[in-house]
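Values reported hereafter were calculated over all heavy atoms of this structure, with side chains retained and with hydrogens, waters and symmetry mates removed. A quick note: this is a predicted structure, and the numbers were derived from the prediction, not measured.
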Amino acid sequence: MINDHRNLSRIQNKKLVLQQLFNNAETSRAEIARQLNLNKSTVSSIYDELNEDGFIEGVRQGESTSSGGRKPHLVRLNRNYGYVASFNIGTSYMASMFNYLNGEIIQYNRKPIEKFDILNIMQMIKEEIKKLQQVDSTQHGLLAITFSIHGIVFNNT
């Protein structure tokens, strides 16, 4: 039971550290620990794991504080780790957006849907993904796909 709680805490803390990396263009381990109110050793352990997996890239040395101390090593989420594909399917169009892991837009496209049936839409999605895969230079390629589909779901709305 105690190990389950520790594992859940570790997973939650890892998500929080990733969120800090996503929400900050660059940051340090000490800043992450301060923002999340976590022990520095906890953040360092998670940081080392994320760094080993390739999620983090070094940016530069930061400035030391007015009271001295070591200069922080600033890092950010590795944009070249992989990318995410998002598809917004309306009644007459399909919008696609591809983003690096750090949220930066790779490509956005909006096309009319000429024939609204699932096979046609799936073919459009497949073509968009295939086009990006041909020019993809990320380490792990496509990581996830999201969909939003507009339509009648309740009381004709």
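- For Ala25 against Arg76, the heavy-atom pair with the smallest separation is O-CB, 3.1 Å.
- Across all non-hydrogen atoms, the minimal contact from Asn78 to Gly54 is ND2-O, 3.0 Å.
- Rounded to the nearest 0.5 Å, atoms NZ (Lys111) and CD (Glu127) are 6.0 Å apart.
- Atoms CD1 and OG1, on Ile149 and Thr91 in that order, are 12.5 Å from each other to the nearest 0.5 Å.
- Shown here are the salt bridge (charged side-chain N to carboxylate O under 4.0 Å, His left out) partners of Lys40, two or more places apart in sequence or in another chain: there are none.
- Atoms CD and NZ, on Gln107 and Lys131 in that order, are 6.5 Å from each other to the nearest 0.5 Å.
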Evaluation steps, side-chain contact (heavy atoms from CB on, under 4.5 Å), between Asn109 and Glu128: CA-CA 9 Å; Asn109 197 5; Glu128 289 296 309; 3.4 Å; yes
Steps toward side-chain contact (heavy atoms from CB on, under 4.5 Å) verdict (Ser96, Met124): CA-CA 10 Å; Ser96 61; Met124 290 174 70; over 6 Å; no
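- Nearest heavy atoms, Met94 versus Ile113: N-CG1, 3.8 Å.
- Within a 6.0 Å sphere centred on CD of Glu114, other residues, nucleotides and ligands contribute 12 heavy atoms or fewer.
- A pairwise comparison of heavy atoms in Ala95 and Tyr108 identifies CB-OH, 3.6 Å as the closest pair.
- Other cluster members for Ile56: Leu16, Val17, Leu18, Leu21, Phe22, Ile32, Leu36, Leu38, Val43, Ile46, Tyr47, Leu50, Phe55, Val75, Leu77, Tyr81, Leu101, Leu143, joined by side-chain heavy-atom distances under 4.5 Å among Ile, Leu, Val, Met, Phe, Trp and Tyr.
- In the hydrophobic clustering of this structure, Met97 does not group with Met122; members are Ile, Leu, Val, Met, Phe, Trp, Tyr whose side-chain heavy atoms approach within less than 4.5 Å, directly or through other members.
- The number of heavy atoms from other shown groups lying within 6.0 Å of CG (Asn37) does not exceed 12.
- Here CD1 of Ile105 is found 10.0 Å from OG of Ser86. Values are rounded to the nearest 0.5 Å.
- Grouped by direct or indirect side-chain proximity (heavy atoms under 4.5 Å, Ile/Leu/Val/Met/Phe/Trp/Tyr only), Ile11 sits alone.
- For Phe147, the ring pair (Phe, Tyr, Trp, His ring centres under 6.0 Å) partners are Phe87, not counting sequence neighbours.
- Donor-acceptor pairing under 3.5 Å is recorded for the side chains of Ser148 and Asn88.
- The side chain to side chain donor-acceptor pair (under 3.5 Å) test applied to Asp136 returns Thr138, not counting sequence neighbours.
- Here Glu26 contributes atom CD and Glu57 contributes atom CD; the two are 11.0 Å apart, rounded to the nearest 0.5 Å.
- Residues Asn24 and Gln35 have side chains that never bring a donor and an acceptor to within less than 3.5 angstrom of each other.
- Under the side chain to side chain donor-acceptor pair (under 3.5 Å) criterion, Asn80 pairs with no residue, sequence neighbours left out.
- Atoms CD1 and OH, from Ile106 and Tyr83 in turn, are 7.5 Å apart once rounded to the nearest 0.5 Å.
- Nearest heavy-atom pair across Asp53 and Lys14 is OD2-NZ, 4.5 Å.
- The cluster map of Ile, Leu, Val, Met, Phe, Trp and Tyr, joined by side-chain heavy atoms under 4.5 Å apart, puts Ile145 and Val84 in different clusters.
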